[in-house]
Amino acid sequence: MDATSPNSERRPFSIKLWPPSQNTRQMLVERMRNNLTTKSIFTQRYGVLTQEEAEENAKKIEDVAFSSANEHYEKERDGDGSSAVQLYARECSKLLLEALKRGPRTKEYGEVPSFEKTEDVTEELTSEKVSTADVTLFDISKGQRAFIEAEEAEEILRPLKEPGNSYTKICFSNRSFGLEAARVAEPILVSINSQLKEVDLSDFVAGRPEAEALEVMAIFSAALEGSVLKSLNLSDNALGEKGVRAFGALLESQSSLEELYLMNDGISKEAARAVCELIPSTEKLRVLQFHNNMTGDEGAQAISDVVKHSPLLEDFRCSSTRIGSEGGTALSEALESCTHLKKLDLRDNMFGVEAGVALSKALSNYADLTEVYLSYLNLEDDGTVAITNALKGSAPLLEVLELAGNDITVEAAPVISACVAAKQHLTKLNLAENELKDDGAIQISKALEQGHDQLKVVDMSSNFIRRAGARQLAQVVIQKPGFKQLNIDANIISEEGIDEVKEIFKNSPDMLESLEENDPEGGDDDEESGEGEGNEDELESKMKNLEVKQDD
């Protein structure tokens with residue numbers, strides 16, 4: 001007993017959940033920015049924010065939430081930080097919802113109502129129904145997540161029963177339906193089935209036992225069967241194959257879908273095959289999102305069949321789905337037929353070089369591509385060179401290029417630079433967590449020198465960049481009229497180099513991301529000492545005994 005006691009006492013201190021790393025914070029900012037700029041129930045209603053406005057909002061939200069959570073953590077330092085993490089998440093969610101409701105500054109939507117209390121939703125929906133004769137969206141997702149039972153369902157769904165209502169879009173997300181509530185909803189949905197165009201049932205059975213959840217899904221599926229939907233969102237329901245098949249009646253009746261969302265649904269290879277089997281046609285599909293599933297290579301084969309038969313696809317997201325080289329190659333080959341693609345997100349998979357080369361063939365066909373997210377795909381130099389070579393000759397309006405965490409070295413820098421130089425509409429370039437070093441950083445900088453007046457964000461953190469590369473990047477981006485953020489943290493910039501960069505940004509310090517994870521001891525001051533005498537282009541050819549520190 002004595003031997004185990006000290007270990008158990010130390011355990012709370014061995015793993016600290018707070019504070020989050022700078023990379024984690026930045027990823028959260030990016031996720032919130034995407035929520036503010038992409039199509040959803042909220043942005044359809046209140047308006048989509050511009051990239052600039054969304055970035056500003058997201059950074060402020062994260063900063064406020066972090067401050068609140070950090071203050072909480074300071075009061076109970078003996079804990080593991082889990083309560084601070086929970087507070088951080090809650091505050092971000094609450095403030096993001098407020099930002100979504102405020103909508104864009106550039107569009108007049110009048111005063112946006114407050115939905116702070118769950119119990120006020122019925123009253124707000126009713127008053128809005130009265131004041132807006134032509135309202136088309138019925139949304140009960142406001143407020144905190146809550147269970148909904150039969151009595152509340154009768155009350156909250158009453159507007160859908162009113163004769164002559166013009167609802168064509170319904171959002172039941174964030175309210176968990178029990179079996180009795182589903183039975184109340186069934187005849188109501190049947191009565192408006194023919195007028196519905198968009199249905200959001202994301203996260204609508206949370207916390208229910210599997211058997212009950214599956215029965216609720218089947219009830220909703222039968223009630224909506226035969227509707228002619230343009231958009232269907234079944235995300236965040238832990239569907240798996242059973243859940244997909246529970247929605248079989250609805251899916252089999254849809255041949256005009258333009259948008260399908262199946263994110264965070266436990267879509268395994270069997271579930272992916274079920275999706276492919278059940279939907280009769282995807283010829284009109286423009287948006288397909290499979291983010292955060294357990295699809296794997298075999299599931300990717302099924303998704304590939306869906307993609308192959310979706311010639312009008314414009315927005316495809318299949319990130320964080322455990323797809324390896326075989327599945328990535330199949331998916332890439334299927335994407336060759338999607339010549340209208342505007343946004344492609346395949347982040348956080350295990351494609352490797354072979355799938356990267358296959359993907360490059362598809363990318364060469366895309367004249368309308370504006371956003372491409374290919375971070376953390378194990379592309380290495382060969383895959384990256386193939387992809388950037390393809391993009392150089394296509395996608396003339398490309399705005400976002402992300403290739404972070406792909407083990408890219410300075411050997412690929414000339415091809416990347418040539419691609420970047422050709423993309424004059426770039427607003428964001430993310431090459432973080434690679435090994436481009438000073439030489440690569442300087443080549444990228446020179447590629448950005450001419451034009452690129454729309455550039456707002458450059459991330460080259462964790463790239464073994466020293467003083468010369470950091471200074472060159474800073475000198476280039478500070479000249480861009482609308483620039484917002486340079487991230488060169490987690491490099492090996494000397495203290496003198498840090499001072500130089502800060503001096504460059506002295507009139508706009510907010511544009512420079514924190515440098516708290518930079519390691520000035522990683523560089524050799526003797527080798528850098530000549531830079532002050534004008535030898536700033538002299539670079540090291542080797543770096544020894546260095547390790548890249550990546551956050552989990």
Side-chain angles (χ1 to χ4, degrees), residues 40-42 44-46 101 112-208 212-235 237 246-251 253-254 256-257 259:
S40 68
I41 290 294
F42 291 107
Q44 282 181 290
R45 183 175 187 181
Y46 300 113
K101 291 174 184 173
V112 179
S114 170
F115 297 104
E116 294 180 358
K117 297 181 180 179
T118 305
E119 55 266 36
D120 291 340
V121 172
T122 303
E123 181 181 346
E124 286 157 354
L125 285 170
T126 305
S127 62
E128 182 177 313
K129 175 70 170 62
V130 172
S131 62
T132 311
D134 59 348
V135 66
T136 60
L137 172 64
F138 181 82
D139 187 354
I140 62 172
S141 67
K142 310 299 187 295
Q144 297 180 347
R145 177 188 290 181
F147 284 89
I148 180 171
E149 304 300 342
E151 186 176 347
E152 186 183 4
E154 287 278 6
E155 182 65 25
I156 207 169
L157 300 180
R158 184 175 297 158
L160 292 176
K161 298 168 68 175
E162 294 182 5
N165 76 75
S166 55
Y167 293 114
T168 60
K169 310 170 188 177
I170 58 172
C171 177
F172 288 1
S173 179
N174 206 39
R175 307 302 297 276
S176 179
F177 280 75
L179 193 53
E180 295 306 316
R183 287 172 178 152
V184 169
E186 183 177 17
I188 298 174
L189 293 176
V190 170
S191 70
I192 61 170
N193 180 309
S194 60
Q195 68 193 55
L196 292 177
K197 299 299 179 187
E198 299 183 19
V199 170
D200 185 345
L201 297 179
S202 58
D203 193 24
F204 87 122
V205 289
R208 303 290 180 179
E212 182 181 16
L214 290 172
E215 193 168 350
V216 169
M217 292 176 192
I219 289 172
F220 273 78
S221 175
L224 293 168
E225 181 181 3
S227 55
V228 183
L229 301 181
K230 290 184 177 181
S231 177
L232 177 60
N233 190 344
L234 301 177
S235 301
N237 285 312
F247 275 111
L250 174 59
L251 293 174
S253 67
Q254 301 305 308
S256 299
L257 276 179
E259 301 179 10

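Values below: all heavy atoms of this structure, side chains included; hydrogens, waters and symmetry mates excluded.
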Original post:
For S235 and S202, does a side-chain donor sit closer than 3.5 Å to a side-chain acceptor?
Top reply: no
**OP:** Give the intermediate values and the outcome of side-chain contact (heavy atoms from CB on, under 4.5 Å) for residues F172 and L189.
**Re:** CA-CA 12 Å; F172 288 1; L189 293 176; 4.2 Å; yes
Subject >> Test log, rule side-chain contact (heavy atoms from CB on, under 4.5 Å), inputs K197 and S227 >> reply: CA-CA 8 Å; K197 299 299 179 187; S227 55; over 6 Å; no
**OP:** Give a yes or no answer on whether the side chain of Q195 reaches the backbone of S166 with a donor-acceptor pair at less than 3.5 Å.
**Re:** no
Original post:
How are the rings of F204 and F177 set relative to one another: parallel (under 30°), tilted (30 to 60°) or perpendicular (over 60°)?
Top reply: tilted
**OP:** Might you work through the side-chain contact (heavy atoms from CB on, under 4.5 Å) test for L201 and L224, ending with a clear yes or no?
**Re:** CA-CA 11 Å; L201 297 179; L224 293 168; 4.0 Å; yes
Original post:
Which of these passes side-chain contact (heavy atoms from CB on, under 4.5 Å) with I188: R158, K161, E154?
Top reply: K161
Subject >> Residues in side-chain contact (heavy atoms from CB on, under 4.5 Å) contact with E149, at least two apart in sequence or another chain >> reply: F147, R208
Original post:
Is there side-chain contact between I156 and R175, with at least one heavy-atom pair below 4.5 Å?
Top reply: yes
**OP:** Considering non-hydrogen atoms only, spot the tightest contact between L196 and K169 and give its length.
**Re:** CD2-N, 4.3 Å
Subject >> Those residues that, when tested against N174, pass side-chain contact (heavy atoms from CB on, under 4.5 Å) (two or more places apart) >> reply: S141, R145, D203
Subject >> Nearest heavy atoms of I219 and A182, plus distance in Å >> reply: CG2-O, 3.6 Å
Original post:
Do the charged groups of R183 and E215 touch, with an N to O distance under 4.0 Å?
Top reply: yes
Original post:
Taking atom CD1 of I148 and atom OG of S176, what is their separation to the nearest 0.5 Å?
Top reply: 9.5 Å
Subject >> Set of side-chain contact (heavy atoms from CB on, under 4.5 Å) partners for S253, sequence neighbours left out >> reply: E225, L250
**OP:** State, to 0.1 Å, how close S221 and G248 come at their nearest heavy-atom pair, and which atoms those are.
**Re:** OG-N, 4.0 Å
**OP:** State the CD1-OG1 distance between I192 and T168, to the nearest 0.5 angstrom.
**Re:** 9.5 Å
Subject >> Sidechain-backbone polar pair: E212 side chain, G178 backbone, donor-acceptor under 3.5 Å >> reply: no
**OP:** Can you see which heavy atom on A185 is nearest to which on L157, and at what distance?
**Re:** CB-CD1, 3.7 Å
